[in-house]
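Report on the structure given below.
Both ligands and their constituent atoms are indexed starting at 1 by order of listing. For the single chain, residues carry numbers from 1 onward in sequence order. Keep in mind that the numbers below use all heavy atoms, side chains included, and drop hydrogens, waters and symmetry copies. A quick note: this is a predicted structure, and the numbers were derived from the prediction, not measured.
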Amino acid sequence: MEMIKQLLAQSRRTMVLAIVASALSAVAGVMIIGGVNYTLENGFESLTLAVLAYLAMVAILFLSGVWSQSLLVGLGHKMVYQLRLQLVKRILNTSLERQEQLGGPALYNVLTRDVTMVANATKQLPVSLYNGLLLLAGISYLAWLSPVLFLCTVLLVALGVWGDFKLVGRIKKMMADVRRYDEALFEQYEAVIEGRNELGLSQLRRQYLFDRRLEPAAKGAMDTAIKADLLWAINLNWTTVLVFSLIGLVFFLGMTLESISQDVVVGYILTTMFLRTPIAMILEAIPAVLRGTVALKAIDKLNLAEAELSDEASETVQDISFESLQLKAACYQYPQQGDETGFELGPVDFQLKRGELVFLIGGNGSGKSTLAKLLTGLYLPTDGTVLFNGVTVNQDNITSYRACFSTIFPNFFLFDDVLGRKGSEPSDASSERFFDARVEHYLKRLAIDHKVSIEDGRLSTTSLSQGQRKRLALLLTYMEDRQVLLLDEWAADQDPVFRDVFYREILPELKAADKTIIAISHDDRYFDAADRLYKLDRGQISTFDESVDSLFEKADIVKGVKR
Ligand SMILES: Nc1ncnc2c1ncn2[C@@H]1O[C@H](COP(=O)(O)OP(=O)(O)OP(=O)(O)O)[C@@H](O)[C@H]1O
């Protein structure tokens, strides 16, 4: 909700203008009816004058209507545009931990479905505001025409509004259920896309996914949405019944009560008929608005970071020269999942100096990647400290700290835009030539120049084998030229020849170029390439000395055997 309020506050001037224009159009509309009614009652002195006045009112109605709609339509689309950008900014500012907790489907759901729902609700704003003002002008005219009939109208409208309120509560709950079904559906969409190989091979799994997972979620969403829409459609018809009941009431009261003149009855009925359209349009907008509020509530529940960080929170990135990194009794605990306590890493004591090459080794699930995220500042310790050049890493300096690291995790994302140091792009033709030449040099070094080239600062393709894609990820880190490299099982997908090149040539070259490297590895044949080895076992770290620790123990670590 806060987001919408902020967006509306930014457009206050347009809103005020649009309200003025809508009011003008509404008044013109009511004046046309009032004029017709008056003329019916009193006749006119000059036909020309009456026709001119009528045309003038119609022109005002048209022009102010178009003016208000153009302002409000622009406002609606601008809000959608800003909402989209704001949401992406909020996700980008949200901590990795929170994003991991939420999971991909929930975030996709917000960025696609929820944004669309809020957008649709926002688009109703202009229509509803315009019709609301029209309704207000019409109701004021009705009150002026006959206070007695107006009292009857108020009673009938109160009945209608009471019914609407009761229904809105039920429908809102149904829409929240539809959203939950949709979220389950998004999880299955992810499985359909990401699991294409497995699904392609297994007819049984495909059938299971479709029949037992996807279809029930889609059907649940459809059934609940049908129920909600049906209830509202009944309500729309019920409102029409109320409007005609009002017309009937006015008509029969007018026929029987002498105090109400026929002109008043005609004017009343004319205006009520005229107000049917705005009433229907406002009521038709309500489901979209309800869906929008459900979506906004769901967005709020995600606890995303703010789009614009406060001055204290938004740190300017300092160009710091990396000298040392130290972990002092640092711990990281994953949040509890159901009844299960999250995995705990640490307390870890660890030291790394500029120019060193260290390996982290250990069995599957021993905590290597978790430690890697703690070392690179993607996670902050839940206990203990991380010291960077002797200074404690915290929210105030974390961005500068993170800027020292390049990482390639096993689930890395390969961007096709090639950026230079500090995210730079070549500024002129000669720097572009130099930039491209550097890319080509590294493409050759990584033996991938026969498959990929650079075109307008982008990689020509990223549709490659996993080993080749990893080489391109390494190329991107070469180009960004950061001081510390964290490579999580980088060589795992390389062929034996290039794996040897990596451990025996690339790592030493990087070290010689003053890079500090943390490599997670299961390649025991190359453990000697590291300056130091750290072993992880069930979240605990210790140094590992090949000459002292037994080969048997080493084999166990590599295989992930619990001792
Ligand atoms: N996002 C997460 N949320 C909750 N728990 C997690 C998460 N990621 C990892 N874990 C838990 O932390 C433990 C350590 O995982 P981690 O990825 O650090 O192991 P690893 O040593 O890198 O394993 P591998 O060699 O298989 O890559 C795992 O047992 C896992 O249960």
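- Between Tyr478 and Tyr442, the angle of the ring planes stays under 30°, which puts this pair in the parallel group of the 30/60° scheme.
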Glu183 and Arg179: CA distance, side-chain angles, deciding distance, salt bridge (charged side-chain N to carboxylate O under 4.0 Å, His left out) verdict: CA-CA 6 Å; Glu183 191 148 329; Arg179 195 194 172 278; 2.8 Å; yes

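- The distance from the OG atom of Ser463 to the CZ atom of Arg469 is 8.0 Å, given to the nearest 0.5 Å.
- Contact check for Ile541 versus Asp349: no side-chain heavy atoms found under the 4.5 Å cut-off.
- At the top of the distance list for atom 25 (O) of ligand 1, counting protein heavy atoms only, stands Lys368 NZ, 2.7 Å.
- Distances from atom 7 (C) of ligand 1 to the protein include at least one heavy-atom value under 4.0 Å.
- When hydrogens are left out, the protein atom nearest atom 26 (O) of ligand 1 is Asn364 ND2, 3.0 Å; that is the closest non-hydrogen contact.
- Heavy-atom contacts of Ser366 reach the following atoms of ligand 1: 19 (O), 21 (O) (cutoff under 4.0 Å).
- Counting protein heavy atoms under 4.0 angstrom from atom 29 (O) of ligand 1 gives one or more.
- Ligand-side atoms of ligand 1 in range of Gly363: 21 (O), range being under 4.0 angstrom from any heavy atom.
- Looking at Glu323 and Lys353, no side-chain N of the basic residue comes within less than 4.0 Å of a carboxylate O on the acidic one, giving no salt bridge.
- Atoms of ligand 1 lying under 4.0 Å from at least one heavy atom of Glu489, given by number and element, are 25 (O), 27 (O).
- Separating the CG atom in Asn120 from the CZ atom in Arg291 is a distance of 8.0 Å, to the nearest 0.5 Å.
- The environment of CZ in Arg84 is sparse: at most 12 heavy-atom neighbours from other residues, nucleotides or ligands sit within 6.0 Å.
- Under the 4.0 Å criterion applied to side-chain N and carboxylate O atoms, Arg471 and Asp495 are assigned as salt-bridge partners.
- Within ligand 1, the atoms closer than 4.0 Å to a non-hydrogen atom of Ser369 are 17 (O), 18 (O), 20 (P), 22 (O), numbered from 1 in the order shown.
- Between Gln337 and ligand 1, a contact under 3.5 Å exists for no N or O pair.
- Two rings, from Tyr208 and Phe210, have their centers 6.0 Å or more apart.
- Set against the non-hydrogen atoms of Gly367, the atoms of ligand 1 under 4.0 Å away are 14 (C), 18 (O), 19 (O), 20 (P), 21 (O).
- Distances below 4.0 Å separate heavy atoms of Thr370 from the following atoms of ligand 1: 14 (C), 15 (O), 16 (P), 18 (O).
- Among the atoms of Gly362, none of the N or O lies under 3.5 angstrom from an N or O of ligand 1.
- Distance CG/Leu485 to NZ/Lys515: 7.0 Å, rounded to 0.5 Å.
- Below 4.0 Å from some heavy atom of Glu100 lie the following atoms of ligand 1, by number and element: 1 (N).
- Of the protein's heavy atoms, Gly365 N, 2.8 Å lies nearest to atom 23 (O) of ligand 1.
- Relative to atom 5 (N) of ligand 1, the option among Phe343, Tyr379, Tyr334, Tyr332 with the closest non-hydrogen atom is Tyr334.
- Under a 4.0 Å criterion applied to the non-hydrogen atoms of His522, ligand 1 contributes the atoms 25 (O).
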